[in-house]
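Okay, structure first, notes after.
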Number of protein chains: 2
Amino acid sequence: MKKAKRAAKWPRDPEGMRIRILEAAKKEFAAYGLAGARIDRIAAEADANKRMLYYHVGNKEDLYLAVLEAAYEKIRAEERGLDLEHLDPSAAIARLIDFTWNYFIRNPEFLALLNTENVAKARNLKRSTKVKSMHSPFVEMIRTIVDRGVKTGEFRVAMDPVQLYISIAGLCFFYLSNSATLSFIFGRDLLKKDAKEERLEHVIMLVLAALTGRSGATLTPMATAHDSHLA
Amino acid sequence: MKKAKRAAKWPRDPEGMRIRILEAAKKEFAAYGLAGARIDRIAAEADANKRMLYYHVGNKEDLYLAVLEAAYEKIRAEERGLDLEHLDPSAAIARLIDFTWNYFIRNPEFLALLNTENVAKARNLKRSTKVKSMHSPFVEMIRTIVDRGVKTGEFRVAMDPVQLYISIAGLCFFYLSNSATLSFIFGRDLLKKDAKEERLEHVIMLVLAALTGRSGATLTPMATAHDSHLA
DNA sequence: GTACAAATTAACTCGTTGGATAAATACTCC
DNA sequence: GGAGTATTTATCCAACGAGTTAATTTGTAC
């Protein structure tokens, strides 16, 4: 019997292959965690061979770290495009909240990855050299907004930017990341459209109330625009 | 050679054994997640034999669910002992926040377990019959406080109790649960004493500002008392 | 068209791990 | 002190899954 000449499923495309692998790995790690993820499933999902993962990226842990780094890079990059400098302080904060909320909704894998990594006490992330440096510019961006708000008298207090960001992220993150257990124990679907809209308004109200000392009724309409889909 | 008569390490004590198993399993699942947990390690930690886990509880998944149910039962039970009905609305909320914060600090495994379960989309929790029923009384307790606050004029808005609780829990949970990655990316130790005290004050300020519309300066001293260690 | 490297495939290794079996040991009640 | 049951122990094993080896194919440069 003649040996069949089997064409490769994908013509040679190392770059594309690497991307497909990382995308598949992201899904897998998000769905099952580091320990629960299966190399074979990632390979299958990427329309690749198991050997390819090792060839293009490395072992399971390397793969996981690569996914994690890419995830951080992606969100921080989108945030840099927010252009908050040109908005009034309150509007800037509302926009940051709106972005954060919708980013988390659009990227549920990001939440799951962070959870997995935190259960592991950031053991893997600590091996990263890139991730840390992404964050000082981000903190400075928030600090600038707060300082401006204080200077114009719009904000009551010079809130610590890290504290503020953790609150914003926390109010969004916890609701979405824990929506499965919360929906179950409270017996209501936290992910249905109405519930999500209500939550975003609630978060914006909460944060601005604390910053400005004024009621949530002063929200600009813009602040409640959903899914800003920034470039 | 005579067969040594090896005394059992623990004299017959099925109840104690069960408790030791669940305690060891809690640690293990919290540290490694469901997939990463190792039955053998749990057995060793519980000073038991692997067979004992199956005998007293069941397979790995049963064990995991038992741990999860016990964890929910524990926090809800402590909350019931808070006796918030006798406090002024603001003080009651501050006390609830204080309790929640310190409970999370005292029980880091609880946070890790919830994270693991949420990565799994509550797949396992949904098999539980007990957990759901624990929560309506809890929600009603919060609703009562809010209603009282609105009636006395202390609170501006009749905030949805579930929304409010998710915010309180989120502000505490995210900070603590994600402290490993956050500490790393922001380059500061979020778990050192000062940082934790600052965070608790920040959370109380944020929530009360939104509820009362007043500044955080009105905090009662009690509200910042740490580690209430309720009965 | 041939030499050489890059990319891809198939098949195998081998330790780990959840779970199962059977036998041994202690407690209880008569 | 013996029967019967509850608890505990010592082994075993089949499946799985990460990682490897070696062969094969495809592109490229000359």
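Heavy atoms only: backbone and side chains are in, while hydrogens, waters and symmetry mates are out. Convention: sequence-line order gives letters A, B, ...; per-chain numbering from 1.
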Is it true that B:E117 and B:Y64 share a donor-acceptor pair across their side chains at a distance under 3.5 Å? yes

Mind checking whether A:F110 and A:Y103 have parallel, tilted or perpendicular rings, split at 30° and 60°? perpendicular

Parallel, tilted or perpendicular for A:Y175 and A:W101, by the 30°/60° rule? tilted

Inspect the contact between A:R80 and A:E140 and indicate whether a charged nitrogen and a carboxylate oxygen are less than 4.0 angstrom apart. no

State, with a plain yes or no, whether a side-chain heavy atom of A:F99 is found less than 4.5 Å away from one of A:L84. no

5' to 3', nucleotides 12-19 of chain D under a 4.0 Å protein heavy-atom cut-off (B base, S sugar-phosphate only, - none) gives -----SBB

Just how far, in rounded Å, is [atom2] of [N] from [atom1] of [X]?
X: B:M52; N: D:dA6; atom1: CE; atom2: P; answer: 13 Å
X: B:Y55; N: C:dG19; atom1: OH; atom2: P; answer: 19 Å
X: B:E15; N: D:dA6; atom1: CD; atom2: P; answer: 15 Å
X: B:I21; N: D:dT7; atom1: CD1; atom2: C1'; answer: 11 Å
X: A:N49; N: D:dT25; atom1: CG; atom2: C1'; answer: 13 Å
X: A:D47; N: C:dT9; atom1: CG; atom2: C1'; answer: 14 Å

What nucleotide, of D:dT21, D:dT8, C:dT21, holds the atom closest to the side chain of A:R51? D:dT21

Side chain of A:P14 only, heavy atoms from C-beta on: which candidate in D:dT9, C:dA10, C:dA7 is closest? C:dA7

For B:Y165, ring pair (Phe, Tyr, Trp, His ring centres under 6.0 Å) partners two or more places apart: B:F138

OP1 or OP2 of C:dT8 versus the side-chain N and O atoms of A:H56: is any pair under 4.0 Å? yes

